[in-house]
Amino acid sequence: MSLDSIWIFLVPIVVIAGVVRGYAGFGFAAVAVVCMNFLLDPQQSIPVIVGLDLLCSAPLLRQAVDQADMPTFKLLTLGSILGIPVGLALLLVVPSEMLKLGICVLILVFALLLAFDVRFRGTETARTKLGFGIFAGAGTSGSSVGGPIIVCYMLSSQLSSSAQRATMIMFFVVSEMIALVALFSGGLVDFEVVKMTLILLVPTLIGVRVGQALFNRKPPASLKQFALPLMFMIAVLGISATAGS
């Protein structure tokens, strides 16, 4: 399928992913990467997704600064900086089909952990926060799945749902800025990637605005109720598509 013929599929993908991002504070990359991998190789889709996710965070950032838990944000961000080079190395050397499958399996693993109410001990320690940050940084730059990793940590923490959402928003702004620089350095951002990102930006921002309005009108008592069905759905669809290719 040529690039010119897939816009009709890409636009609704980013709108839906944007609504999820605006409402929950995460999920854009997880939704978009699995859906786009039906149409594009990860080496092309991931730079686009990281760029869109970063740009669509702007409307959410002002509210997030007031609500985020700053000590948690700082430790997760430091870990992400350490983990990004690991993910970039994977993106450059792992075959595309294997990377696609790994993305979906990783999302499914975290969804299962959350479904069985697995909570990590010592979630408030600096070591745990730093470790999850490293894992998320590698996931963001290597397969654009930093979101589910951070969600798994957040749902095990003692923070309120508003603080969880706000901290994730701030974390992804910083980690994706760093990941985008790494992708540029690795030669994975070319003219086609920039063109695709700019074309998809407006529908992405529309979706984010709708999601944020829904959150402000009726915030969830727990992000877990919203996150689990989404994570299971995208993981199963992605694994099925990759196994059948």
Side-chain angles (χ1 to χ4, degrees), residues 7 10-36 45-70 72-74 76-77 80 133 136-137 139-141 144-151 153-155 159-181 183-184 189 193-223 225-227 230-231 234:
W7 293 110
L10 293 178
V11 170
I13 287 172
V14 299
V15 170
I16 294 170
V19 172
V20 172
R21 181 71 153 90
Y23 184 77
F26 72 95
F28 179 88
V31 173
V33 75
V34 172
C35 295
M36 284 189 181
S45 64
I46 288 174
V48 173
I49 292 165
V50 172
L52 287 173
D53 203 11
L54 175 60
L55 292 170
C56 77
S57 298
L60 307 174
L61 196 55
R62 180 179 299 178
Q63 185 180 51
V65 170
D66 295 332
Q67 297 177 345
D69 183 79
M70 296 307 293
T72 299
F73 160 70
K74 291 176 181 177
L76 291 175
T77 301
S80 177
T140 297
S141 61
S144 203
V145 291
I149 296 167
I150 293 299
V151 172
Y153 168 76
M154 286 295 177
L155 295 182
L159 300 176
S160 67
S161 60
S162 294
Q164 290 172 359
R165 174 180 179 271
T167 305
M168 285 190 290
I169 289 170
M170 291 191 62
F171 170 79
F172 291 128
V173 167
V174 175
S175 65
E176 286 170 352
M177 285 177 64
I178 299 167
L180 203 56
V181 171
L183 291 168
F184 266 105
V189 180
V193 166
V194 174
K195 174 185 173 183
M196 197 181 307
T197 302
L198 292 176
I199 291 173
L200 295 175
L201 179 59
V202 172
T204 299
L205 290 174
I206 291 172
V208 170
R209 287 290 190 182
V210 171
Q212 185 175 30
L214 291 173
F215 176 84
N216 289 334
R217 179 175 296 181
K218 191 175 182 180
S222 169
L223 289 180
Q225 298 173 352
F226 181 82
L230 172 66
M231 293 169 73
I234 60 182

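Here T197 pairs with nothing under the side chain to side chain donor-acceptor pair (under 3.5 Å) rule; sequence neighbours left out.
In this structure, the side chains of Y153 and Q164 stay at 4.5 Å or more apart for every pair of heavy atoms. For the pair R21/I169, a side-chain contact is recorded, criterion being any heavy-atom separation below 4.5 Å from C-beta on. Under the 4.5 Å side-chain criterion, counting only non-hydrogen atoms from C-beta, T77 is not in contact with M170. Side-chain contact check for M36 versus V14: some heavy-atom pair is nearer than 4.5 Å.
A donor-acceptor distance shorter than 3.5 angstrom exists from the side chain of R165 to the backbone of G22, with no hydrogens or angles considered.
Atom CD1 of residue I49 and atom CE of residue M196 lie 10.0 Å apart, to the nearest 0.5 angstrom. Here F28 contributes atom CZ and I13 contributes atom CD1; the two are 10.0 Å apart, rounded to the nearest 0.5 Å. In this structure, F171 CZ and I150 CD1 are separated by 4.0 Å, a value rounded to the nearest 0.5 Å. Once rounded to the nearest 0.5 Å, the distance linking CD of E176 with CG of L183 reads 10.5 Å. In this structure, L52 CG and L10 CG are separated by 10.0 Å, a value rounded to the nearest 0.5 Å. In this structure, S80 OG and M177 CE are separated by 12.0 Å, a value rounded to the nearest 0.5 Å.
Closest approach of M168 to G25, counting heavy atoms only: CB-O, 4.0 Å. Between L54 and L180, the closest heavy-atom pair is CD2-CD2, 4.1 Å. In plain terms, the two heavy atoms of T167 and A68 that are nearest each other are OG1-CA, 3.6 Å.
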Derivation of the side-chain contact (heavy atoms from CB on, under 4.5 Å) call for M154 and T72
CA-CA 10 Å; M154 286 295 177; T72 299; 4.2 Å; yes
Determine all donor-acceptor pairs shorter than 3.5 Å in which one atom belongs to a side chain in residues 198-216; sequence neighbours excluded.
{"from": "T204", "atom 1": "OG1", "to": "L200", "atom 2": "O", "distance (Å)": "2.7"}
{"from": "N216", "atom 1": "OD1", "to": "Q63", "atom 2": "NE2", "distance (Å)": "3.1"}
{"from": "N216", "atom 1": "ND2", "to": "Q212", "atom 2": "O", "distance (Å)": "3.4"}

